[in-house]
Amino acid sequence: MSPEVTAEFVKIYSGYNDLRQKAFQNLLAATESEVDWVYEVWDDVVKLAGDKDNHLRTISVQLISNL
């Protein structure tokens, strides 16, 4: 996985909504086509689906549908 994609996933956990939203949009754009790093992030993305933060849960479900 590229350092840029890794950085976007780090930003998802940020408490800053603007930063989180931009990272989410970048990840959605990246997953419009097949990605080779899906297995590197799958467990973490699925784990987010159970997070207490509803924003993270929503991000998770939307990423899962794209991955």
Side-chain angles (χ1 to χ4, degrees):
M1 183 166 42
S2 74
E4 293 83 13
V5 172
T6 301
E8 297 301 337
F9 274 101
V10 169
K11 292 174 190 173
I12 290 293
Y13 292 98
S14 164
Y16 301 103
N17 287 334
D18 291 340
L19 188 61
R20 183 185 285 178
Q21 186 62 28
K22 181 68 174 163
F24 172 60
Q25 293 300 321
N26 290 339
L27 288 170
L28 280 182
T31 58
E32 285 181 4
S33 59
E34 192 172 305
V35 295
D36 61 352
W37 43 263
V38 65
Y39 296 108
E40 294 178 56
V41 299
W42 184 259
D43 290 339
D44 291 332
V45 172
V46 170
K47 185 177 177 181
L48 280 179
D51 197 275
K52 65 180 180 178
D53 183 329
N54 65 327
H55 194 208
L56 289 177
R57 287 193 309 267
T58 301
I59 287 171
S60 170
V61 171
Q62 290 176 328
L63 285 176
I64 288 170
S65 70
N66 269 29
L67 292 172

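One is the number of the first residue; the rest follow in order along the sequence.
The hydrophobic clustering, which links ILVMFWY residues whose side-chain heavy atoms are closer than 4.5 Å, places Leu48 and Tyr39 together. Under a hydrophobic clustering in which Ile, Leu, Val, Met, Phe, Trp and Tyr are joined whenever their side-chain heavy atoms come within less than 4.5 Å, directly or via other members, Val10 and Val35 fall into different clusters.
Checked against ring-ring contact (aromatic ring centres under 6.0 Å, His included), Trp37 has the following partners two or more places apart in sequence or in another chain: Phe9.
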Could you go through residues 18-28 and list every donor-acceptor pair under 3.5 Å that involves a side-chain atom there, pairing it with any protein atom two or more places apart or in another chain?
from  : atom 1 : to    : atom 2 : distance (Å)
Arg20 : NE     : Ile12 : O      : 3.0
Arg20 : NE     : Ser14 : O      : 3.1
Arg20 : NH1    : Asp53 : OD2    : 3.2
Arg20 : NH1    : His55 : ND1    : 3.2
Arg20 : NH2    : Ser14 : O      : 2.7
Asn26 : ND2    : Glu8  : OE1    : 3.4
Asn26 : ND2    : Glu8  : OE2    : 3.3
Asn26 : ND2    : Lys22 : O      : 3.4

With a cut-off of 3.5 Å and sequence neighbours excluded, list every side-chain donor-acceptor pair involving residues 58-67.
from  : atom 1 : to    : atom 2 : distance (Å)
Thr58 : OG1    : Asn54 : O      : 3.0
Ser60 : OG     : Val45 : O      : 2.4
Ser60 : OG     : Ala49 : N      : 3.2
Ser65 : OG     : Gln62 : O      : 2.8
Asn66 : ND2    : Thr31 : OG1    : 3.2

